[in-house]
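Accompanying notes for the structure given below.
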Amino acid sequence: MRDAAPNTIHLKDYTPFGYLVDEVRLTFDLAPDATRVTSRIAFRPNPETTDRRFFLHGEELRLLRAAIDGAEIAPEITDEGLTCSVPDAPFVWEAEVEIAPAANTALEGLYLSNGMYCTQCEAEGFRKITYYPDRPDVMSTFTVRINGTHPVLLSNGNPVDSGEGFAEWHDPWPKPAYLFALVAGDLVAHSDTFTTVSGREVDLNLWVRPGDEGKCAFGMEALKKSMRWDEEVYGREYDLDVFNIVAVDDFNMGAMENKGLNIFNSAAVLASPETSTDDNFERIEAIIAHEYFHNWTGNRITCRDWFQLCLKEGLTVFRDAQFTSDLRSAPVKRIRDVIDLRARQFPEDQGPLSHPVRPESFQEINNFYTATVYEKGAEVIGMLKRLVGDAAYAEALDLYFARHDGQACTIEDWLKVFEDVTGRDLSQFKRWYSQAGTPRLTVEEAWQDGTFTLTLSQETPATPGQPDKLPQVIPVAVGLLNPNGDEVRATEVLELTQARQSFSFDGLAARPVASVLRDFSAPVVLDHDLSPEQRAFLLAHDTDPFNRWEAGRALAGQCLLDMITEDAAPDTAYLDGLTAVLRDDGLDPAYRALMLGLPSQSELAATLHQRGLIPDPQAIWEATETLRQTTAQHMQDLLPRLRAESQIEAPFRPDADQAGKRALGSAALALLSRLDSGTQAAADYACADNMTLQLSALSCLLKAGKGEVELAAFYDQWRGDRLVIDKWFGLQVALAAPEQAAETARRLSAHAEFNWRNPNRFRAVFGALAMHHAGFHHASGAAYQLLADWLIRLDPVNPQTTARMCSAYQTWRRYDDDRQLLIGAQLDRILAQPNLSRDTTEMLTRIRGS
Ligand code: 0A1
Ligand code: ZN
């Protein structure tokens, strides 16, 4: 029997460290198999506590020498760190350790990627570099000397000295060790400058491998826009002389906000029209903004402990979403974010991995960089802003920066600034941070004598470790429409604080149609029993762009569920309503493209499960295909017009306008390809001059069962470009028929270019397989088994990426007994592996449940 919870860490056990760090000096003598790290750290007793235990984290280090105030000592060493006795007064700790970057395949700590030295320290990677109190509440200035032969040697802060074979950096801003970074490589820079609002000139560099210079311009523009935006909207100015970004091919996540030295997965920063899609461009712009915004929300004000992760992540996601809304289209951004929330956060919150936005315990913190912490964390801030209003939000943020600059903070600190500014008691609101699960919001309507009453009730299902839930504060944005389509009541935010509460609107001449949860004002599942006619009415008339889209989405969802459960024919009310919206060329093309989307197959499975039915992935797939085909036929006459509208004469620009047109054009081509067997797509492919069009045409061809020649040509054209080849891998799995998906992934995993140690390549194939709902859940169980085989192989090499991929199995309890048996067997098989990592063990134990 496995121990139920070995080494579980609890929020309630937090205690401050017994020592403060005033200064850190590090020297790196770089060598692939034996890098020498020399540290000199000034400690002093922490007056906030009397606990004088001295423990330094350290893992996989070879200690060569340790000294206190110059006198050598022999500390007591374990797998996790060391202890020794220290003076009850300020002292200087010195250590020399040896590490092996070339053997580091986990991509945590100091590692090598294509011959370039690179670090990843969040959350607990610094302890693999040297002995240190590796916890975010210990903050210090850092001075770093790098001795190495690489032409480019970078660390945090400002450059102080450099010469043949060395460079020295100093970061004057106290920071936790998780923000430490070092890069050494043969890199080239795309450089620019930025003049801050107070007139300081900052050098900006985007460092890439030779050959990638042509993919830097967009990222640099995004960085400058982010710097300006944070000054204008949040009054936040950059605080060093240089800002460096480095692109690296081997990286577990998207990017990392190390102080003054952001490190990016190359997929999250390199872009060119020929090699990147519009979606890539938008994502890159958002990630650059996100990492840059961390400079204030995360770096200058950091987290006291890892339970507070949402303090920096929720806020920074919220800020990057505001940025994208300002630069692009706010409704389109909101809709995309909600699609993403439902696709990634809802399944997490509704299954065995459900945890609060601020978790109360963990075994491996790397497993908590989740959609709940990030995306639900951002939704919570959006609700707070909606409740207090824009002016109070701005005031509270100013107070937050003024009060907590240079500190390591908690959610309590964060809420307190809002309480102080508004005088509101936020204790009930705080439940959003501690209660897991997606609340269900039910709406009942009543109409009498000119008064319209909405009765709202909330219920949050039990989640692991939390059987009983209390009512939360739910801001419900509501507007009312007259039967003629005019808005009779503009958007108003109702504050639901009880389990059940009524809100009345009087003085109405006719019974209105209610548009509830406008702009998706809270991350809940809405249960509002509207008729198809009412939904069609909202689809035609709602003045709230989010809810107008949502009405179409709900109609499509209902139509699909009827097709699945009752073998119904596709609903013409949906098809007519959709066609009318698509015809309206006064509407943004990007918005119309979103209207053409359907609820994902996984989302349909979740809805069926919530209604007490067992989802059949194959039936869901077939209904979706049928509805797509019917939509194509229904809109046949309109498709050429939509394509004409999407033509762009101007040179390629990755902005919202052009991207919107291309999105509509691609959506129209996808429908058209169902009618012409891919003839138009083949023609489009032949003349595509950017990746968005090339990939969309190739997808349509593959979907139509064609495109073998183009697929091979695509490979030949792009064989030198690892990011495009990732797309080539992923596309084939994503577009395979359900019964072919596992076999396609297996075949690709035998391809010479399938470098499974590279997280991007691994995810291209197996991430796509996990996302292919009907393919992953094919009754044969082949995909379950194939993924398990590969997770077993990857775990000893890269536990973090393995553990993240385990979430593919998280929804397993939704499905029938046969599938549960098949998945359960794979979970057990992986869990039975000797020496399974802590990361993967924790994930699978939680998914498996009791
Ligand atoms: N803080 C980064 C994300 C990140 C987290 C963990 C990592 O390694 C375990 C790497 C990056 C962000 O929010 O962008
Ligand atoms: Zn972040």
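Sequential numbering from 1 along the given sequence is applied to the chain's residues. Numbering of ligands and ligand atoms starts at 1, following listing order. Keep in mind the model is a prediction, meaning the values are calculated, not measured. Reckoned from all heavy atoms, side chains included, excluding hydrogens, waters and symmetry mates.
Which parts of ligand 1 touch Glu313 is read off a 4.0 Å heavy-atom cut-off, strictly below it: atoms 1 (N), 12 (C), 13 (O). Using a 4.0 Å cut-off to heavy atoms of His290, the atoms of ligand 1 that qualify are 12 (C), 13 (O), 14 (O).
Geometrically, Arg300 does not engage Phe401 in a cation-pi contact defined by less than 6.0 Å to the ring centre and at most 45° from the axis. Both tests do not hold together for Lys225 against Phe323: distance to the six-membered ring centre under 6.0 Å, angle to the ring axis within 45°. At least one cation-pi condition fails for Arg135 and Phe17: the charged atom is not both under 6.0 angstrom from the six-membered ring centre and inside a 45 degree cone around its axis. Note that Lys224 lies outside the cation-pi zone of Phe194, set by a 6.0 Å cut-off to the ring centre and a 45° limit from the axis. A cation-pi geometry, defined here as NZ or CZ lying under 6.0 Å from the six-membered ring centre and within 45° of its normal, does not hold between Arg761 and Trp756.
Within Glu313, OE1 is the N, O or S atom that lies nearest to the Zn ion (ligand 2).
Residue-ligand proximity: His294 is placed with a non-hydrogen atom under 4.0 Å from ligand 1. Put simply, part of Asn366 is less than 4.0 Å from ligand 1, judged by heavy atoms. Ala255 counts as a contact of ligand 1, since one of its heavy atoms falls under 4.0 Å from the ligand.
Not a single N/O/S atom of Glu291, whether from backbone or side chain, sits less than 2.8 Å from the Zn ion (ligand 2).
Aromatic pair Phe142/Trp173: ring centres not closer than 6.0 Å.
Taking a 6.0 Å sphere around CE of Met139, one finds it holds more than 12 heavy atoms contributed by other residues, nucleotides or ligands. Within a 6.0 Å sphere centred on CZ of Arg386, other residues, nucleotides and ligands contribute more than 12 heavy atoms.
Looking at Lys312 against ligand 1, only its side chain comes within 4.0 Å, counting heavy atoms.
Closest to atom 3 (C) of ligand 1, if we only count protein heavy atoms, is Tyr374 OH, 3.3 Å. The closest protein non-hydrogen atom to atom 7 (C) of ligand 1 is Gln120 NE2, 3.3 Å. For atom 14 (O) of ligand 1, the nearest non-hydrogen atom of the protein is Glu291 OE2, 2.5 Å. In this structure, the protein non-hydrogen atom closest to atom 6 (C) of ligand 1 is Met253 CE, 3.7 Å.
At least one donor-acceptor pair under 3.5 Å links the side chain of Thr324 to the backbone N or O of Asp320.
Looking at Gln800, Glu122, Arg804 and measuring to atom 1 (N) of ligand 1, the nearest heavy atom belongs to Glu122.
Taking only nitrogen or oxygen atoms, main chain and side chain alike, Glu257 reaches within less than 3.5 Å of ligand 1.
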